[in-house]
Number of protein chains: 2
Amino acid sequence: MDESKDRPSSYSVAAFRTPDGAPADIVIFTITSTERRAVKKSLPLMELQVLLIERKGWPFEGQWALPGGFSKDTESIYETARRELQEETSIDDVHLAYFNVYSEPGRDPRGWMISHAFFALVNERQLLNRKAADDASDVKLVPVEEALRMRLAFDHNTIVADALERVRHQMLTTTIAKEFLPEKFTISELYQVIRTVVPEFEESNFIRKITATQSRNGIIEEVRDEHGQSVTSNRYSQRAAQLYRFTDYQPRLSIYG
Amino acid sequence: MDESKDRPSSYSVAAFRTPDGAPADIVIFTITSTERRAVKKSLPLMELQVLLIERKGWPFEGQWALPGGFSKDTESIYETARRELQEETSIDDVHLAYFNVYSEPGRDPRGWMISHAFFALVNERQLLNRKAADDASDVKLVPVEEALRMRLAFDHNTIVADALERVRHQMLTTTIAKEFLPEKFTISELYQVIRTVVPEFEESNFIRKITATQSRNGIIEEVRDEHGQSVTSNRYSQRAAQLYRFTDYQPRLSIYG
DNA sequence: ACAATAGTGTCTATGAGACATTATCTC
DNA sequence: GAGATAATGTCTCATAGACACTATTGT
């Protein structure tokens, strides 16, 4: 791409109107866990949340919006999203994926803005130690369903809805569930996470299927210590449960067989 | 989005450098069929092709590139792609899907261009009656593998590779195979199309699996005439084969069960 | 008869799905 | 022992996968 030196002087960049900006907007998902009872051990209640920020100036002043910001000419859009994520939540190193572009004319009263939407999956623990720098009060986590009922700035309702659909789909077809889980987890935890994102997902014999080697073989594996002993946890139950971890195996899905 | 009337006079759009353009580039895939022998009936040889155009001016003059063009401020990026597709190939009404953005600084010597990539799936028959308006010689179909070995303009090698990966994945997980098939088709035709796009796909008992109702139930259905009689075709074989059509059912895939 | 593709019969091993039962540990 | 979650036993039916075999029709 070293052709710019050949640029003919007749070439004009500004022959047509050009966009006024290329923002990246980020739908940050996290799953919050709340204890169900103080006394007894049990699986916590999980809820899928979205991070929103309150707009301080025109346009949509006072309304809630997705975090994001404008791309610079020295970075790719993906780098923009990473930078904004870092600035917004001081989180680094999380799952961040591009999923769509929003370009309807008139979607931003400031001008011709072509917005690039990402979703990020963040573990609640990573979010807790975020700096409250940008005023604690103008950033909040909102349950997804509630966010969709709010009247968000710009076309952010659409963006959140699209992101949610994408994450739901990926939750069942890829191993992104791992982003919401500790490295070692129990089968019930995994099941809970999946159900929190995709409530329709119901598998009576979940342990059976995911355990039954040979078929789903290799998505997850038992955690063993240096002596080959099974490692278990009783965080969420009286009886200790086997811990598992994801392998890097991703099964190849097909509707044809 | 009727807030523009509230724009404060202090607001300046041009505080930062803005992009010089937002092009849409389209990877147009088609499957060409060539008879294997003039005499006998047999399944044609199929090949996955990509449409390329030769660049007429700076930059990358004389190199081959993807069709595409710049977005206007009165249309969404998707509409840009539709329009360019129509202008380029005079095809309307085909499968067109957005799949990624390309924004690496320096990817376009003309300036800061954030490109939006689409892929289109076109039936060979639709492509045949395209106008040779823009000089027949500067547009051509190239087998995908060959296109990837060429040195295309801009970062179009990357775009083609990404598009191919996406289409391969969707070929197995959605029913886009229908875009390359006539409305009524035989099981072998379907199998050929899948294998043309995804050569690794090998299913010995393909007919069995796709036919064996109850499991894959409802992706495709037998074509019957008004009397309930099976409709068959012997286009590609001595013995007539049952014709099928896709239903609008899309199975829900999951790695968990 | 041969070529070429379409489609079935049959057998086996494995998986899904449902439900009851047993295991382990805390309070 | 009650309560809670983890995990296995067992039975049935559906499916995958392999492979041999039969079917149909143009040349």
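Here the structure is a predicted model, which means the values were calculated and not measured. Order of the sequence lines fixes the chain letters, A, B, ..., with proteins taken first and strands second; residue numbering starts at 1 for each chain.
Of the candidate nucleotides C:dG17, D:dA7, D:dG26, D:dG26 has the atom nearest to the side chain of B:N234.
Between A:Y191 atom OH and D:dA6 atom P there is a gap of 12 Å when expressed in whole angstrom units. With rounding to whole Å, B:I255 atom CD1 is found 14 Å from C:dA16 atom P. Between the CZ atom of B:R235 and the P atom of D:dT25 there is a distance of 17 Å, rounded to whole Å. Atom CZ in A:F206 sits about 13 Å away from atom P in D:dA7, given to the nearest Å. Atom-to-atom, CZ of A:R208 to C1' of C:dA16 comes out at 10 Å; the value is rounded to the nearest Å. Following rounding to the nearest Å, A:I207 (CD1) and C:dT22 (P) show an atom-to-atom distance of 18 Å. B:L243 has its CG atom 17 Å from the P atom of C:dT5, to the nearest Å. Rounding to whole angstrom units, CZ of residue A:R239 and P of C:dA23 are separated by 9 Å.
With DNA chain D read from its 5' end, the first of the two nearest nucleotides for B:A240 and A:N205 is the one closest to A:N205.
Expressed to the nearest 0.5 Å, how far CG of A:L85 lies from CG of A:D92 amounts to 7.5 Å.
Contact between the side-chain N/O atoms of A:S204 and the OP1/OP2 oxygens of C:dA18 is found at a separation under 4.0 Å. Contact check, B:S188 against C:dA6: a side-chain N or O comes under 4.0 Å of OP1 or OP2. Look at A:S237 and you won't find any side-chain N or O under 4.0 angstrom from OP1 or OP2 of D:dA4.
Ring centers of A:F185 and A:F246: under 6.0 Å apart, within the cut-off.
Heavy atoms from other residues, nucleotides or ligands lying under 6.0 Å from CG of A:D225 number more than 12.
A salt bridge is absent between A:E145 and A:R149: the closest approach of a Lys/Arg side-chain nitrogen to an acidic carboxylate oxygen does not fall below 4.0 angstrom.
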